[in-house]
Amino acid sequence: MYEFDGMCTYVLAMDCEYAAWFVYVRYLECETGRCLESVSLTDGRNQIQLLRGWAINNGQGKKLRYKEGVPFEVRGIKGLFDGLQLTMTIQNSVYVVFDGYSVVQVFVPRGTSTCGLCGNNDGDNDNDVSKGRRKYQTAVELTNFADSWKIRSSVGCTTVSLLEEQGGELQR
């Protein structure tokens, strides 16, 4: 597990073998720096958004309500709110747990080929921060790895690609 604090929309995790599901995260600037604004879930056909504060956008512009402890379904994606976190299930096997504000966790069955910021799920943590044959190790390389998972068509993205040696200012 590692923390990431970019400002854009990124592929957090996706099915790299069949492209059957996707999890995107969107970070925007807020009063405390950068905040997780939304988590988008796609099951291959439908998309919904989990919004900051536990609201759900059904993908058709409507915010949905749900009750604590009562299972629900939105456009084929199942959910349950336990009072502390929202757990969504994509295709009966991918679990996305969102605390409503800043933490997102994705759980997939062992052996499922994944890619994105969460890694490839091959059981080897040493190669999770890699893409193809390229392995990222330094802080600058890790930033480049994160940038490689940006959704390029996202509105409001800035390119945070390098930290200058003098002064530590971000290049934009």
Side-chain angles (χ1 to χ4, degrees), residues 1-16 18-109 112-121 128-129 142-143 145-160 170 172:
M1 179 186 272
Y2 64 94
E3 292 182 18
F4 174 69
D5 199 22
M7 191 168 72
C8 196
T9 302
Y10 299 88
V11 175
L12 184 61
M14 65 178 276
D15 173 4
C16 272
Y18 303 107
W21 55 268
F22 303 86
V23 179
Y24 304 118
V25 289
R26 179 164 177 77
Y27 290 89
L28 292 178
E29 201 144 351
C30 65
E31 50 287 338
T32 60
R34 289 185 177 89
C35 295
L36 178 61
E37 178 195 45
S38 65
V39 180
S40 297
L41 311 176
T42 303
D43 70 358
R45 294 180 314 254
N46 300 304
Q47 182 175 19
I48 65 170
Q49 277 187 317
L50 312 179
L51 305 172
R52 188 172 182 81
W54 294 305
I56 297 178
N57 179 331
N58 70 352
Q60 299 170 332
K62 184 177 179 186
K63 289 185 182 175
L64 304 175
R65 297 279 176 219
Y66 46 87
K67 294 182 181 178
E68 183 177 331
V70 179
F72 62 92
E73 189 169 322
V74 181
R75 302 187 75 197
I77 299 173
K78 297 175 184 169
L80 179 65
F81 179 62
D82 68 5
L84 296 175
Q85 57 192 16
L86 184 58
T87 301
M88 303 301 293
T89 307
I90 305 170
Q91 298 181 348
N92 295 318
S93 63
V94 178
Y95 298 90
V96 178
V97 181
F98 180 40
D99 74 350
Y101 294 96
S102 62
V103 177
V104 181
Q105 295 176 297
V106 180
F107 299 92
V108 298
T112 301
S113 178
T114 64
C115 53
L117 292 176
C118 285
N120 60 20
N121 193 38
D128 279 342
V129 185
L142 290 172
T143 300
F145 170 74
D147 281 348
S148 75
W149 289 108
K150 276 185 182 180
I151 305 298
R152 301 283 179 221
S153 62
S154 300
V155 176
C157 290
T158 57
T159 301
V160 181
L170 291 176
R172 292 185 187 229

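In what follows, residues are counted from 1 in the order of the sequence shown.
- Between V11 and L117 the shortest side-chain heavy-atom distance does not fall below 4.5 Å.
- One distance of note links CD1 of I56 with CZ of F81; it measures 10.0 Å at 0.5 Å rounding.
- Q49 and S38 get closest at one heavy-atom pair: NE2-OG, 3.6 Å.
- A 4.5 Å side-chain heavy-atom check between I48 and N57 finds every atom pair outside the cut-off.
- Here side chain to side chain donor-acceptor pair (under 3.5 Å) pairs that include residues 85-94, with residues two or more places apart or in two chains, are K78-N92.
- Partners of F107 under the ring-ring contact (aromatic ring centres under 6.0 Å, His included) rule, at least two apart in sequence or in another chain, do not exist in this structure.
- Checking side-chain atoms of R75 against main-chain N and O of N58 turns up a donor-acceptor pair under 3.5 Å.
- Y24 is listed as a side-chain neighbour of I151, based on a closest heavy-atom distance under 4.5 Å.
- To the nearest 0.5 Å, the span separating CG on L36 from OG on S102 amounts to 7.5 Å.
- L84 has its side chain out of reach of D99: every pair of non-hydrogen atoms, C-beta onward, lies at least 4.5 Å apart.
- No side-chain heavy atom of V97 sits less than 4.5 Å from a side-chain heavy atom of L86.
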- Task: Could you give me the CA-CA distance, side-chain angles and deciding distance for L50 and M88, then say whether side-chain contact (heavy atoms from CB on, under 4.5 Å) is met?
- Result: CA-CA 9 Å; L50 312 179; M88 303 301 293; 3.8 Å; yes

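- For the atom pair L51 CG and S40 OG, the distance stands at 8.5 Å (nearest 0.5 Å).
- Y10 has its side chain out of reach of R26: every pair of non-hydrogen atoms, C-beta onward, lies at least 4.5 Å apart.
- Residues W54 and Y66 place their aromatic rings such that the two centres sit no closer than 6.0 Å.
- Here CG of N46 is found 8.0 Å from CD of Q60. Values are rounded to the nearest 0.5 Å.
- Contact annotation: the side chain of V23 approaches that of I90 to within less than 4.5 Å [non-hydrogen atoms, C-beta and beyond].
- Between T114 and C16 there is no side-chain heavy-atom pair separated by less than 4.5 Å.
- Taken from CG in L28 to CZ in R52, the straight-line distance is 10.0 Å, to the nearest 0.5 Å.
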- Message: D43 vs L41, test: side-chain contact (heavy atoms from CB on, under 4.5 Å). Steps then yes/no.
- Response: CA-CA 7 Å; D43 70 358; L41 311 176; over 6 Å; no

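- Y101 contributes atom OH, which lies 11.5 Å from atom SG of C35 (distance to the nearest 0.5 angstrom).
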